[in-house]
Amino acid sequence: FGSVIGLLRQIPTASATMANGGWNRSQFMGRELKGKTLGIVGLGRIGSEVALRAHAFGMPVVAYDPYVADERFTMLRVRRAASLDALLAATNILTLHVPLTEETDGMIGARELARLPARSVVANLARGGIIEEAALLDALQRDALRGAVLDVFVTEPPPPDHPLRTAPNLLLTPHLGANTVE
């Protein structure tokens, strides 16, 4: 959630502007999470925790996970999407919480990104390769997405000249999702 809030509220850019002596509040109009539908791919341990926290932000939650029982969806107050396509069509903020397997490799490509409502946000803090990086880059450059958050990459670290490093509306972190002192 910190990464998505950082993206939607333009916190990294605002901080850099402040560090360089700027103060232009009107340049940094943010977006709220409240009322935005969170779409979760993978309602396992981590996806379930994300769903619980989404409710605190006033977000409706829908998830796609064919391996999880209906009871878990009910317990978490999450609407079950019948298919990945149905999830994508109902999502404003898409977050991925699946392992990288033969089934999930390239799971989110150009076709899937095009199924998201206009100006959606995509967050991959699970594993590199679940999202096709070239398709994500294209969607960002065409302004089809409001933005994206990536903490994982196909090649880690990505090369210094990797085009994602300069993509618009993209918040990048160096695979630190689980890095905590605790």
Side-chain angles (χ1 to χ4, degrees), residues 1-8 31 33-117 120-133 135-137 139-140 145-156 158 164 169-180 182:
F1 277 99
S3 299
V4 172
I5 291 169
L7 176 76
L8 292 176
R31 296 290 209 195
L33 294 177
K34 183 178 181 181
K36 307 287 188 304
T37 299
L38 181 69
I40 301 173
V41 177
L43 200 61
R45 184 178 52 84
I46 296 171
S48 293
E49 292 292 333
V50 170
L52 290 172
R53 285 156 180 79
H55 295 303
F57 287 104
M59 301 178 78
V61 183
V62 60
Y64 172 70
D65 194 325
Y67 304 105
V68 171
D70 287 338
E71 294 77 24
R72 183 178 197 103
F73 281 80
T74 300
M75 178 188 75
L76 295 168
R77 296 180 296 138
V78 172
R79 184 168 51 93
R80 180 188 280 278
S83 66
L84 179 59
D85 282 349
L87 172 84
L88 296 170
T91 295
N92 301 116
I93 300 173
L94 176 68
T95 184
L96 306 168
H97 300 287
V98 294
L100 182 62
T101 66
E102 208 171 278
E103 183 180 9
T104 63
D105 189 12
M107 174 184 246
I108 306 297
R111 179 191 167 283
E112 290 75 20
L113 292 171
R115 296 211 30 94
L116 289 167
S120 293
V121 170
V122 175
N124 186 10
L125 291 84
R127 291 288 178 258
I130 297 169
I131 295 179
E132 292 178 3
E133 291 177 350
L136 179 64
L137 179 63
L140 289 166
L145 296 173
R146 181 168 309 286
V149 174
L150 293 179
D151 186 50
V152 292
F153 307 87
V154 172
T155 301
E156 292 186 355
L164 285 173
N169 300 318
L170 179 59
L171 187 95
L172 302 174
T173 52
H175 200 154
L176 51 79
N179 286 11
T180 66
E182 296 78 13

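Computed from a predicted structure; not experimentally measured.
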Subject >> Minimum side-chain heavy-atom gap L125-S3 below 4.5 Å >> reply: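 Of all side-chain heavy-atom pairs linking S3 with L125, at least one is under 4.5 Å.
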
Original post:
Does CZ in R72 sit with more than 12 non-hydrogen atoms of other residues, nucleotides or ligands closer than 6.0 Å?
Top reply: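 More than 12 heavy atoms, drawn from other residues, nucleotides or ligands, come within 6.0 Å of this atom.
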
Subject >> N124 side, atom CG; M107 side, atom CE - distance, nearest 0.5 Å >> reply: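 The distance works out to 11.0 Å.
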
Subject >> Side-chain donor/acceptor of T37 to backbone N/O of P60, under 3.5 Å >> reply: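 Not at all, since once roles are kept as given, no pair shorter than 3.5 Å links the two residues.
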
Subject >> Separation between CG of L140 and CG of L164, rounded to the nearest 0.5 Å >> reply: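 Answer for the CG-CG pair, L140 versus L164, is 8.0 Å.
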
**OP:** Answer yes or no: is there a side-chain heavy-atom contact under 4.5 Å between F153 and L172?
**Re:**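 Yes, at least one pair of side-chain atoms sits under 4.5 Å.
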
Original post:
Any ion pair linking R127 and D105 (charged N to carboxylate O, less than 4.0 Å)?
Top reply: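 Judged by the 4.0 Å cut-off on N to carboxylate O distance, D105 and R127 do not form a salt bridge.
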
Original post:
So does R80 have more than 12 non-hydrogen atoms from other groups sitting under 6.0 Å from CZ?
Top reply: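 Atom CZ in R80 is packed in, count exceeds 12.
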
**OP:** Quick one: do R53 and E49 satisfy salt bridge (Lys or Arg N to Asp or Glu O under 4.0 Å)? Show the steps, please.
**Re:** CA-CA 6 Å; R53 285 156 180 79; E49 292 292 333; 2.6 Å; yes

Original post:
Any side-chain heavy-atom pair from F1 and V50 closer than 4.5 angstrom?
Top reply: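 They are in contact (side-chain heavy atoms under 4.5 Å apart), so the answer is yes.
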
**OP:** Find out whether T91 and L88 are in side-chain contact, i.e. whether some heavy atom of one side chain is under 4.5 Å from a heavy atom of the other.
**Re:**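 No, every pair of side-chain atoms sits at 4.5 Å or beyond.
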
Subject >> Straight-line distance of H97 NE2 to I46 CD1, nearest 0.5 Å >> reply: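 Going from the NE2 atom of H97 to the CD1 atom of I46 covers 7.5 Å.
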
Subject >> Positive for side chain to side chain contact (heavy atoms under 4.5 Å, CB included) with L38, one of L33, V121, T95 >> reply: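 By the side chain to side chain contact (heavy atoms under 4.5 Å, CB included) criterion, L38 pairs with just one of L33, V121, T95: T95.
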
Subject >> Side-chain touch L96/L94, heavy atoms, less than 4.5 angstrom >> reply: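 In short, these two side chains touch, coming nearer than 4.5 Å.
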
Original post:
Quick one: are N92 and R146 in side-chain contact, heavy atoms under 4.5 Å?
Top reply: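 No, too far: nothing below the 4.5 Å cut-off.
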
Subject >> Intermediate values then yes/no, side-chain contact (heavy atoms from CB on, under 4.5 Å), T104 and V41 >> reply: CA-CA 10 Å; T104 63; V41 177; over 6 Å; no

Original post:
Is the shortest heavy-atom distance from the side chain of L100 to the side chain of I130 under 4.5 Å?
Top reply: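 In short, these two side chains touch, coming nearer than 4.5 Å.
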
**OP:** Taking the side chain as every heavy atom from C-beta outward, state whether H55 and V61 have any atom pair closer than 4.5 Å.
**Re:**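 The answer is yes; the side chains approach within 4.5 Å.
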
Original post:
Rounded to the nearest 0.5 Å, what separation is found between the CG atom of L87 and the CG atom of D65?
Top reply: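 Here the rounded value is 10.5 Å.
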
